Structure formats: C-alpha cells, structure tokens
Amino acid sequence: MKVAIVGSGPRGLSVLERMAARLAESPVDEGLEIYLIDSHQVGSGRIWRTDQPSWFLMNTVADEVSAFSGQPDGGPARPGAGPSLAQWWSSVDPHYPGPNSYAPRALHGRYMQFILRTVEENLPEKVRLIPLKATVHALERTGDGYLLALEEGAHLTVDKVVLTTGHTTPELTGTQARLAAFAEEHPHLRHIAGDSAADMPLDAVPAGSPVGVLGLGLSFYDVLAAFTEGRGGVFEDDGDGGLRYRPSGREPVIVAGSRSGMPLPARGRNQKHHDHRYDHVLFTTERVLAHSRHGAISFADDALPWLLAEVELVYYATTLTHRHSPGRAAAFEAEVVAAAEAGVPDVVAIAAGYGLGDVPRIDLDEQARPFADRHFDSPEEFRRALSAAIADDLAHAAAGNVDDPLKAALDVIRDSRAVIRSLVDFGGLTPDSHREDFLGWYVQRSSFLAAGPPRTRLRQVRALLDCGVLRIAGPGTRFLPDPASGRFAVHSPYVAGSRVLVDTVVDARVPTPDVRLDPHPLTRSLREQGIWTSYVNHGADGGRFDTGGVAVTEAPFHPLDRAGRPDKGLYVLGIPTEHTRWFMQGGSSRPGFWTDFVQNADAIAADVTAPVLARTSELAA
C-alpha cells in the first residue's frame, strides 16, 4: 500500500508519528510506502522551516509543546514516547535559557526534523518512508487510488492521501485589493500582502522609508522584529526593568494601526506545569446543551453566558485568594457552583457578598478595545494613553497567569477551546450565530485576549515607541490610497492630526483560510472536481452560512463531495477545514496528555493503517 501525506507541518508530522506508533504495536508483514511531501522543507514545512531568522518566536512556552504523542519513558526516543520541545532544546543547546522560555520558530523546525529522523529510524522493516520535496499541483481519482500531479510533469500514484496543506495566500478582496491595485499603478509604492513574515519581501523596504503596518497581532510582532533586530538594531536593558532600542540606521519609519489601536497584550508569566489541565466547573458542553433555549445553539444566548461566568469565577476566586485565603476562595466557588444548578449564576453578585463589590468586572469588549469611544486631540495624547495601557498590561503579565486575577481569568478563554469546539464544529451553532456572534464577535476578542506574545515583545514595542522608530496611529486605523499625493494615507479618525503618508503598506494579519478564494493549483484542482467543497451551515429555519472551510466528515475527516458523499481514501486536517471546525491553526500538542490535536491525527492514522494491520492479523491467524 502507498500513502501520501501532503504537507509536513505540525499536522502532517503528527499523523506520521501516530501512524509509526500504531505500526510499531504489532509485526507488519505487508509492505507500506509513506510519501511525506512538502513544497518547502520536508518535516518542518514552510512556517517552521529551519532556515528562517532567529528573531521569529513562538508564542507558546517550549515546556507546553510536544510533537511526540507520549512522554519519555526511560527508553530511547521513538514514535509514541519522546521529549517535549523544552526537553529536547535543553539537551542540544548549552545556552538553553531555562523553563518557560519561548523558542525561535526555526528551532522548533529543528525539533520537527528530530521527530522525522526518529520516526524514520523506528519504522518496521517493511515500512518505508520516502521524503519528497515537491509541489502537488493536482489530484485525480483513478480506478483504484489517486494520481498526484507534481511539478515539472512528475506523477505519483497512491492508495490514500492525507491532506494537511497548511497556510496559503488567498486572493485579495476589498480594501487590500484596492491597495494592491493602487501600488500596481504607482511603481514607487509597495503593497505586501498578508503572509508569514519570514516569506514577506520586507527587505525591499528602504531604510528611512515610511511604511504602514496593518494589524497589531502576532504577525505585527514578527514584522516589527524583521524591521528592527533583522536590520541590526539592538534592544538593551534600560536598568529600570524595561528596554531601550539602539537603532542601526537601516530601519524604516513604522506607522502601525488596527481596529483596537492596542498591540496584542502579552501572555502572563507562565506559572503552570506543562501538563496543567483546567477543569471547567461552569462552562461545560453538558451544561450549555441542557440549558439551551434553541434547537441549535445560539453562541451569544446559550454558550457565552456560561463562558463568561467561568471567566468571572476564576477572576474573583483569584482575587479572594490574595485578599483573604484559599479557603475563602473555595467557599465562594462552591456557592457559585451550587447556584449554577438553576442556570447561569450571577457570579458578580455572589462575589459582592464576599466583599468584592469594589472589584471592577471583566468586560471582554473593554479589554479587547481599550480605546473605544475615546477621542484624542493629538498623536502625543494618544501615545501617552497607549504607553499607560501597555505598562498596565505588562504589570499584569509580570504577576503571572496564576497569581494575577486578570491574566488567570483570561487564560480560561485559552483553556476553553476544546469545549467551544464541541459546541461550534460541524454546524453546532445556528447559521446567523455562527457568522455574527461567534466569528464576527467572539473569535476576534478571544484571539486578542488569549493568544498573546511573550512579554519581551511588548517591552520592545515600548522601547520603539520611545525612540520614534514606531508610531501607532490609533484605534480604527484606516489605510487608503491617496490619489492626490500618489501615496498611501494612514490615519485614525479618533486621533486628531494622525494622518501620515507612506510608500509601503504591509498587511500584518494572518490570512483567513477560504477554499473559495485559495488560488493554489491543488486547491483549485480539488475544488473544480468537486472533491473539496465549502461547508455550508444550514439552519432549521432555512438560513445558511457558507463558511469557506472544506466540508469534511467527523473523524477521520474525509472530504465531502458536491453530493455530500465522503471520499474514504482522502483525509483533510487542519487549516483548510477552518470554519467547518474551529481553531485549526493550532500548531502543537501538549506533553503529558493528548489534546484534540493528537486525537485528530490518531483518528486518521488508525484509519490509514487499518488495512495493513488487518491483513497482518489475518496472516498471523
């Protein structure tokens, strides 16, 4: 049997590791060839390739990342038992910075190469792994399998195909299409579309040139690093707990902005063990379904109140622990849980009964849009407000994700992803709620509040603001063509005098996956043949929401054709299925237990290897 895994980023590598672990569980008498195909670097993929600069960092501490589906057990590393990223890092680097450190993405790519070698060295004798650096341009069904068309006219015929193709760059639409078209008409201008910062042509931006950066999320920090550290600038301790920036003189002048006007807040200093699991007491799938007032779930009405109650519970319990004692916090929690038997408890009112009436409640809108409804008379006035907001966030982050009430509470959002997926995936919400309440409101706020960078990134932002290399225009920043000047104009309507003309616009946002807009030849081939279709959330009342995610079955995730039939020789996992399922961009699992990341990979591995293992059992019998 021949199997192809197309895309060898974390998802593809996890499927391979679980296939190898399952094949190692019993003798394999049947031959099996596994083709691991990637257009960039086999085993690491494009996003994690090992040749990218060291200033691009992960946003999860290395202790919480593992590409093995089991922890070390005293024996050699092998599929199903191997070191976490932190354990491996400490063994290969004499300058390992210690626990709770953030690894460069290139180093994670090296770790993935270690996984690949470990898998290859431990495959059964009749199983062969064939790494193949190539681009798959098309896939066609044959009488007994699939024909993959590779670059330069090569072809490969296989029995099964696992598609874990990762991030692509969709066609530009709306404002970005207009900005790109304007740049085409003015050769001295540049529009750099959203992508991984390591693949953006940022070196083409001249020193001293004004550049507008759209977005203040994780990719913004990468773009900022490329324009500063990547051009020889140096961040130094200022002796007072902060940083100062020493420019190289080769930096552009950066004017950045977003809807919020606030750079993505920092992750709280990690105080949790690598195998920490948060146990929900309010926001559970069972509670939400039991109290749902709809046939299908409204996220705003049925799920969000329980999630916010869980967030508030941690917020006030952490506050009580510091003000009084853990025992007082435990009594508060018990009262909240008891009240939940009748429905969503009023956590704020119960907290007031414990003397916390003076504690301001958490408002996700206020946290995610700190400058909403505020106007500033000058860029300097906004800069002072921004600096104060950054200082406040850094203080919370320094206190830790257990000890600080705010960061501990916001970590609940991060820890609730599995519960949310159980409610949202495969049309669990009404179409309108899926589009408006969930994707339109919640996902934007949760991405802002629960996926932050290391604290050092926000400290760097302060240093760059102080020295003038970076300016943030303000909330609601607009990036528009300016025909009168022949340049791009950047301004915030909430900050008087914020308008700046720039020669380059960089879209520092992660592109939203959409099978309908993906121009990659393989996606186009699959879409035109009807092998891949866009998942449509159909409501009982006739409403519909075309999500743009590849329609798949539940595990093991076969794609559904235009007639809704599964193709049982194909599997689709990860980013192409975003919006059919949620948070498919997650790129790792945790050491110590299986997250749904590994569960998904194992479901595919079990189905792919079942024929080989079944025939082996038949021969043994």
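Scope of the values below: all heavy atoms of this structure, side chains included, with no hydrogens, waters or symmetry mates. Here the structure is a predicted model, which is why all the values come from computation and not from measurement.
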Distance-only donor-acceptor check, side chains R231 and S248, under 3.5 Å: no

D596 side-chain N/O to A418 backbone N/O, donor-acceptor pair under 3.5 Å: no

Least distance between heavy atoms, L216 atom then A256 atom: CD2-CB, 3.7 Å

Sidechain N-carboxylate O distance under 4.0 Å for D411, K272: yes

Distance (rounded to the nearest 0.5 Å) between T228 OG1 and E251 CD: 7.0 Å

Side-chain donor/acceptor of Q585 to backbone N/O of H167, under 3.5 Å: no

Gap separating the CG atom of D507 from the CG atom of L179, nearest 0.5 angstrom: 9.0 Å

SB check D199 R49 (cutoff 4.0 Å): yes

Exam field: side chain R369 to backbone P475, donor-acceptor pair closer than 3.5 Å: no

Plane angle bin for F114 and F68 - parallel if under 30°, tilted between 30 and 60°, otherwise perpendicular: perpendicular

Test item: P210 and V255 side chains (from C-beta on) under 4.5 Å apart, heavy atoms: no

Atom CD of E185: over 12 foreign heavy atoms under 6.0 Å: yes

V510 vs L218 side-chain heavy atoms within contact, under 4.5 Å: no

Side-chain touch F371/S260, heavy atoms, less than 4.5 angstrom: no

Audit row: R527, D518, salt bridge (charged side-chain N to carboxylate O under 4.0 Å, His left out) steps and yes/no: CA-CA 10 Å; R527 189 176 63 229; D518 185 352; over 6 Å; no

Distance under 6.0 Å and angle within 45° of ring axis: R457 vs Y221: no

Criterion side chain to side chain contact (heavy atoms under 4.5 Å, CB included) on Q460 and L224, from CA distance to verdict: CA-CA 9 Å; Q460 290 173 352; L224 208 59; 5.8 Å; no

Donor-acceptor contact present, side-chain Q444 to main-chain G440, <3.5 Å: yes

Donor-acceptor under 3.5 Å (D275 side chain, R590 main chain): no

Shortest non-hydrogen contact between G215 and S258, atoms and distance: CA-CB, 4.2 Å

Crowding at CZ, R478 (>12 non-hydrogen neighbours, <6.0 Å): no

Between CD1 on residue I420 and CG on residue D415, distance to nearest 0.5 Å: 10.5 Å

Contact summary for D63 and S101, nearest pair of heavy atoms: OD1-N, 4.0 Å

No-hydrogen, no-angle side-chain donor-acceptor test under 3.5 Å, H191 and Q176: yes

Minimum heavy-atom distance L573-R581, with the two atoms named: CD1-NH1, 3.8 Å

Residue among V158, L156, L148, V6 satisfying side chain to side chain contact (heavy atoms under 4.5 Å, CB included) with L139: L148

Heavy-atom check, side chain of V92 versus side chain of Y111, under 4.5 Å: no

pair R269-N100: side-chain heavy atoms closer than 4.5 Å: no

Backbone of G452 reached by a side-chain donor or acceptor of R267 within 3.5 Å: no

Salt bridge R190-D503, side-chain N to carboxylate O under 4.0 Å: no

Closest non-hydrogen atom pair between L394 and R455, with its separation: CD2-O, 3.8 Å

Residues F235, L464; criterion side chain to side chain contact (heavy atoms under 4.5 Å, CB included); working and verdict: CA-CA 9 Å; F235 290 97; L464 293 170; 3.9 Å; yes

Side-chain donor or acceptor of T577 paired with backbone N/O of T580 under 3.5 Å: no

Worked verdict on T50 versus Q113 for side chain to side chain donor-acceptor pair (under 3.5 Å): CA-CA 9 Å; T50 59; Q113 292 295 314; over 6 Å; no

Separation between CH2 of W532 and CG of L163, rounded to the nearest 0.5 Å: 5.5 Å

From CA spacing to verdict: side chain to side chain contact (heavy atoms under 4.5 Å, CB included), T456, L243: CA-CA 9 Å; T456 187; L243 297 175; 4.3 Å; yes

Cationic N near anionic O, under 4.0 Å, D238 to R459: no

Sidechain N-carboxylate O distance under 4.0 Å for K407, D393: yes

Mutual orientation of the aromatic rings belonging to H186 and H188 [parallel < 30°, tilted 30-60°, perpendicular > 60°]: perpendicular

Where G43 and L36 come nearest, the two heavy atoms and their spacing: N-CD2, 4.4 Å

Under 3.5 Å: donor-acceptor pair, side chain of R471, backbone of S498: yes

Residue pair L150 / L132, side-chain heavy-atom distance below 4.5 Å: yes

Student check: side-chain heavy atoms of V205 and I192 closer than 4.5 Å: yes

Side chain to side chain contact (heavy atoms under 4.5 Å, CB included) evaluation trace for L129 with L116: CA-CA 10 Å; L129 177 64; L116 180 60; 3.7 Å; yes

Heavy-atom check, side chain of T135 versus side chain of H520, under 4.5 Å: yes

Any donor-acceptor N or O pair under 3.5 Å, side chains R178, T175: yes

Q367 (side chain) donor-acceptor with L449 (main chain) under 3.5 angstrom: no

Side-chain donor or acceptor of W48 paired with backbone N/O of G9 under 3.5 Å: no

Spatial distance of atom OG1 (T504) from atom CZ (R487) [nearest 0.5 Å]: 10.0 Å

Spatial distance of atom OG1 (T164) from atom OH (Y571) [nearest 0.5 Å]: 13.5 Å

Lys/Arg N to Asp/Glu carboxylate O, D93 vs R110, below 4.0 Å: no

